[in-house]
Amino acid sequence: MTGSIAPESKYWPRKRYFELYDESVRHPEEFWAEEARQLDWFRTWDKVLEWDLPFARWFVGGELNASYLCVDRHIATARKNKVALYWEGEPGDTRVLSYATLYREVNRCASVLKNLGVVKGDKVALYLPMIPELPIFMLACGRIGATFTVVFSGFTAQALADRINDLQAKVLVTADAGYRRGSPVPLKRTTDEAMDLSPSVEKAVVVNRAGLDVEMKSGRDFWYHHLLSEASDHVDPEPVEASHPLYVLYTSGTTGKPKGVVHSTGGYMVYNHSAFKWVFDAKEESVFWCTADIGWVTGHSYIVYAPLAFGATSVMYEGAPNYPDLGRWWDIIQTYRVNILYTSPTAIRMFMQAGEEWSAKHDLSSLDLLGSVGEPINPEAWLWYFKHIGGERCPIVDTWWQTETGGILIAQAPAIELPPLKPGSASFALPGIDPQVVNEKGEPTAPGERGLLIIKKPWPGMLMTLYGDPERYKEVYWSRFPGSYYTGDYAIQDEEGYFWLLGRADEVLKVAGHRLGTLELENAAVAFGPVAEAAAVSKPDPVKGEAIVIFAILREGHEPSSALEKELNAHIRSTVGPIATPERVFFVKKLPKTRSGKIMRRLLKAVATEAVIGDVTTLEDGASMDEVKAAYEALRKEI
Ligand code: PRX
């Protein structure tokens, strides 16, 4: 391996972790300015940070373009003919895009958008499978200054329509279908249903992925390949101010309505660029594979923006990890000689359960670094990953972050200094990030004591606001511990300063690494006619981390039955999406509530996991032990 893909700078990579970290938090503005200088700007910023708590504007007055950074700046260099993307479709078809071809595709796509009347500041919704057109449209939107939202292609028409309506997207981009487990999943049909509910959409672009015969509404729906035939090969990148919103990504919170997390262009690009170089330590010839779907933030940051900004080579795969069999991923690693693999604990646990014979059949010797993201990785899965995938030679970077943080905040940073690895700990904060574990009162906890994770300083990758709802942004993230960003996660910092991330402290579930709000699920359950009231909780799951359990009260005239349970499951699945399918439904007569009317979730969780009452150690707020006990006994009897 040759040297790092990232050019040296004043701060990196010559300094060791603690020295660099101290300097970064002591002089954050100088530090971030130096990091920002590694990108190409059309105009330099006047001010590094304008901090009007809790609203941050980074690199004020600076002008840049995300698509320029990801493609244009490479085509004048030797990277012009380097592979940007190795793409593999689920049926086995492949596409290889060099930086030069990606540049051409992005320009032509930007021209298509312009010809459709999309201008700077317009909103575009992307509902696409994992095909190269997804990053191409993301880059093309950024090129002309349009703000986009990617909607995960597993979401339902209602979920898609909610997001389009919130953003008031003018153009919707989709495909006839995408492949999943051997068959095309029709997407155009779903978008037709969504568009009936979304009057803001004037035009829809349809990518031909599977050759399906779809209905096209004249004057509204256009095949992408037809529009391309009129497109020009060059569109100038539009310089945008650093705070120009690059994208909005919807994620679940504690209320029923998904939150539109708004990311800037300048701060987001700078932060991701830095986090990628510290954590993944990519070399010029490295092949990087992030297995996430671009529908989630991990795919935005680590399939599209960070690797492309560096001119790295990435792999992108369309389909299911177990199609046609459990060897598919290992075959991809062997074929493309992947060096860095970034995946989720859920996937690792799935492979672990299936047994190591699948990976053992393939040559994984190209791997030299492994990553994990999305949920806590249990030591058993960590050790399996280390042994059977990494051949006991690859360090594992456990990366903690959120949709809101834009990029990785807590993780090992092998490019600076690799600390001794502790399976299950994400280790230390990246430079410039100032986390702390505190108790309910906001006081720092003692080493080893569980508390809530907060971030005490703004950082360039942080969300700017929630789309159209700055009050909610203040309330959700900045009201609980004034002056600090509240992550909603439990954490422990041990005697040696390592962070252990323990999962959500709020009413958000993590099912197979995907975020789901309990209220979102409860609203979906109650929208099913026979259900009068519902509560959603989770129980531990050996593969998915958490599985959904619903407690539901039926309306008069309806009796519990397994047929009704199936119908309710199907209803939730079709309202929220397949990832929201409950594992179990309990029909009950009464939901235990505190005197203030809050559902006793910890108690429900204890019932769902068949824990004994002694395990319901933490009392529900506002309920006495006797009340909790009585409610617990009553429920156990009932189910
Ligand atoms: O609870 C934490 C968990 O995932 C949440 C963020 O979810 P989302 O916005 O969907 O982003 C996922 C990908 C960045 C966090 O609040 N989480 C994420 N990474 C880890 C984690 N929990 C433990 N360890 C991690 N490495």
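Atoms within a ligand are numbered from 1 in the order they appear, just like the ligands themselves. When reading the values below, keep in mind they use all heavy atoms of this one structure, side chains included, and skip hydrogens, waters and symmetry mates. Remember, predicted model here, so these are calculated numbers, not experimental data.
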Pro376 side chain near Leu501 side chain, heavy-atom distance below 4.5 Å
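Of all side-chain heavy-atom pairs linking Leu501 with Pro376, none is under 4.5 Å.
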Any side-chain heavy atom of Val537 sitting closer than 4.5 Å to one from Phe551?
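Side-chain contact under 4.5 Å: yes.
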Indicate the ring-plane relationship of [X] and [Y], choosing parallel, tilted or perpendicular according to the 30° and 60° boundaries.
{"X": "Tyr477", "Y": "Tyr485", "answer": "parallel"}
{"X": "Phe280", "Y": "Phe276", "answer": "tilted"}
{"X": "Phe31", "Y": "Trp278", "answer": "parallel"}

Using a cut-off of under 3.5 Å, which N/O atoms of ligand 1 pair up with protein N/O atoms, and what distance separates each pair?
unit_1: ligand 1; atom_1: 1 (O); unit_2: Asp489; atom_2: OD1; d: 3.0
unit_1: ligand 1; atom_1: 1 (O); unit_2: Asp489; atom_2: OD2; d: 2.9
unit_1: ligand 1; atom_1: 4 (O); unit_2: Gly374; atom_2: O; d: 3.2
unit_1: ligand 1; atom_1: 4 (O); unit_2: Lys510; atom_2: NZ; d: 3.0
unit_1: ligand 1; atom_1: 7 (O); unit_2: Lys510; atom_2: NZ; d: 2.8
unit_1: ligand 1; atom_1: 9 (O); unit_2: Thr403; atom_2: N; d: 2.8
unit_1: ligand 1; atom_1: 9 (O); unit_2: Thr403; atom_2: OG1; d: 2.6
unit_1: ligand 1; atom_1: 9 (O); unit_2: Arg515; atom_2: NH1; d: 2.7
unit_1: ligand 1; atom_1: 10 (O); unit_2: Lys510; atom_2: NZ; d: 3.3
unit_1: ligand 1; atom_1: 16 (O); unit_2: Gln402; atom_2: NE2; d: 2.9
unit_1: ligand 1; atom_1: 16 (O); unit_2: Asp489; atom_2: OD1; d: 2.8
unit_1: ligand 1; atom_1: 16 (O); unit_2: Asp489; atom_2: OD2; d: 3.2
unit_1: ligand 1; atom_1: 16 (O); unit_2: Arg504; atom_2: NH1; d: 2.7
unit_1: ligand 1; atom_1: 17 (N); unit_2: Gly374; atom_2: O; d: 3.4
unit_1: ligand 1; atom_1: 19 (N); unit_2: Gly374; atom_2: N; d: 3.1
unit_1: ligand 1; atom_1: 22 (N); unit_2: Pro376; atom_2: N; d: 3.4
unit_1: ligand 1; atom_1: 24 (N); unit_2: Glu375; atom_2: O; d: 3.4
unit_1: ligand 1; atom_1: 26 (N); unit_2: Asp398; atom_2: OD1; d: 2.8
unit_1: ligand 1; atom_1: 26 (N); unit_2: Thr399; atom_2: O; d: 2.8

Is the charged tip of Arg163 near the ring of Phe155: under 6.0 Å from the six-membered ring centre and within 45° of its axis?
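The answer is yes; both the distance and angle limits are met.
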